[in-house]
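Below is one structure; the comments refer to it alone.
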Amino acid sequence: GLGVFEKKPFLQRVVETYKRVKKDSALLLSACSHLLYNEELMASLAESGLDAMLTDPFLPCGPIVALRLALPVVFFLHSLPCGLDFQGTRCPSPPSYVPRVLSLNSDHMTFLQRVKNMLILVSEGFLCNVVYSPY
């Protein structure tokens, strides 16, 4: 969070964000793998009589565990990662008007804020590939 207040060159911030996302996603993948391969814990969860899995769709481990346990999934988040909610519902989301979540823009954007919004939209696809391709 402190990086928000630092005045670094844009390209440096992009590279640092990429490295941080790659490191964090590797950690999350490792945690998920350890959970799924813990046969004793998974058997205990399967025998516990759960009715559903409440999970955040940003992290794919929850839906994977739910699939393995044959449980229905309830997502709690106002949007799905990588714009999957817009693709799934076919709702238009023009970046010239609808601000991306990480942009901190309102729907009344200046030209430069619209450019920033578009850059965030383009970079999301790349970052989503980095985060979700190992799964």
Side-chain angles (χ1 to χ4, degrees):
L2 293 176
V4 171
F5 301 106
E6 294 179 359
K7 298 292 182 188
K8 294 182 181 179
F10 176 74
L11 195 55
Q12 182 180 357
R13 284 186 291 155
V14 168
V15 169
E16 288 175 358
T17 299
Y18 169 77
K19 288 179 181 178
R20 188 173 52 250
V21 166
K22 192 159 177 81
K23 179 182 168 189
D24 292 347
S25 63
L27 176 69
L28 293 171
L29 177 64
S30 174
C32 186
S33 296
H34 283 87
L35 171 65
L36 289 168
Y37 289 115
N38 185 336
E39 295 299 331
E40 183 180 337
L41 178 58
M42 292 303 291
S44 172
L45 289 173
E47 295 167 1
S48 66
L50 299 170
D51 295 322
M53 169 79 76
L54 301 174
T55 186
D56 185 335
F58 186 78
L59 303 173
C61 195
I64 293 170
V65 171
L67 182 66
R68 178 150 177 215
L69 298 175
L71 294 172
V73 179
V74 177
F75 292 119
F76 56 91
L77 190 66
H78 65 86
S79 66
L80 293 174
C82 306
L84 293 175
D85 50 346
F86 295 119
Q87 291 176 16
T89 60
R90 302 278 188 214
C91 288
S93 177
S96 60
Y97 179 71
V98 179
R100 303 307 295 172
V101 174
L102 298 177
S103 73
L104 304 178
N105 293 334
S106 73
D107 60 343
H108 300 286
M109 295 182 276
T110 66
F111 175 74
L112 289 178
Q113 287 173 325
R114 292 172 199 267
V115 170
K116 174 186 170 185
N117 204 44
M118 188 60 148
L119 291 173
I120 290 172
L121 175 68
V122 170
S123 67
E124 281 177 355
F126 176 71
L127 287 176
C128 285
N129 187 38
V130 169
V131 172
Y132 297 113
S133 63
Y135 289 91

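Every value quoted in this text rests on a predicted model; they were computed, and no experiment measured them. Excluded from the calculations below are hydrogen atoms, water molecules and symmetry mates; all remaining heavy atoms, backbone and side chain alike, are included.
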- Message: Side-chain heavy atoms nearer than 4.5 Å, only ILVMFWY residues, links allowed to pass through others: does that put Val74 and Leu67 together?
- Response: no
- Quick one: closest heavy-atom pair of Met109 and Asn105, and the distance? SD-ND2, 3.6 Å
- Under a single-linkage definition using a 4.5 Å side-chain heavy-atom cutoff for Ile, Leu, Val, Met, Phe, Trp and Tyr, are Val115 and Leu121 assigned to the same hydrophobic cluster? no
- Item | In one Ile/Leu/Val/Met/Phe/Trp/Tyr side-chain cluster, 4.5 Å: Val21, Val15 | no
- List for me each residue that meets salt bridge (charged side-chain N to carboxylate O under 4.0 Å, His left out) alongside Arg114, sequence neighbours excluded, and say none if there are none. none
- Message: Looking at every non-hydrogen atom in both residues, tell me the closest pair between Pro134 and Leu29 and how far apart they are.
- Response: CB-CD2, 3.4 Å
- Task: Indicate the atoms forming the closest heavy-atom contact of Ala66 with Val73, along with that distance.
- Result: CB-CG2, 3.3 Å
- Correct closest heavy-atom pair for Lys8 and Arg13 would be O-NE, 3.3 Å
- Item | Least distance between heavy atoms, Leu41 atom then Leu35 atom | CD2-CD1, 3.3 Å
- Indicate, with yes or no, if Leu28 and Val131 share a hydrophobic cluster defined by side-chain heavy-atom contacts under 4.5 Å among Ile, Leu, Val, Met, Phe, Trp and Tyr. yes
- Contacts of Ser30 meeting side-chain contact (heavy atoms from CB on, under 4.5 Å) (sequence neighbours excluded), chain-then-number -> His34
- Query: Would you say the side chain of Pro63 lies within less than 4.5 Å of the side chain of Met53, judging by non-hydrogen atoms?
  - Reply: no
- In Å, rounded to the nearest 0.5 Å, how long is the span from OG of Ser96 to CZ of Phe111? 11.5 Å
- Query: What's the spacing between Tyr97 OH and His108 NE2 if we round to 0.5 Å?
  - Reply: 6.5 Å
- Message: Please give me the minimum heavy-atom distance between Val98 and Asn117, naming the atom from each residue.
- Response: O-ND2, 2.9 Å
- Item | Atom pair SG (Cys32) and CG (Leu27), whose distance is rounded to the nearest 0.5 Å | 11.5 Å
- Message: I need the Phe76 CZ to Thr55 OG1 distance, nearest 0.5 Å.
- Response: 6.0 Å
- Rounded distance [0.5 Å steps], CD1 in Ile120 versus CD in Gln113: 10.5 Å
- Would you mind listing every salt bridge (Lys or Arg N to Asp or Glu O under 4.0 Å) that reaches into residues 32-59, with sequence neighbours excluded? Glu39-Arg68
- Item | Between OG1 on residue Thr17 and CD on residue Gln12, distance to nearest 0.5 Å | 10.0 Å
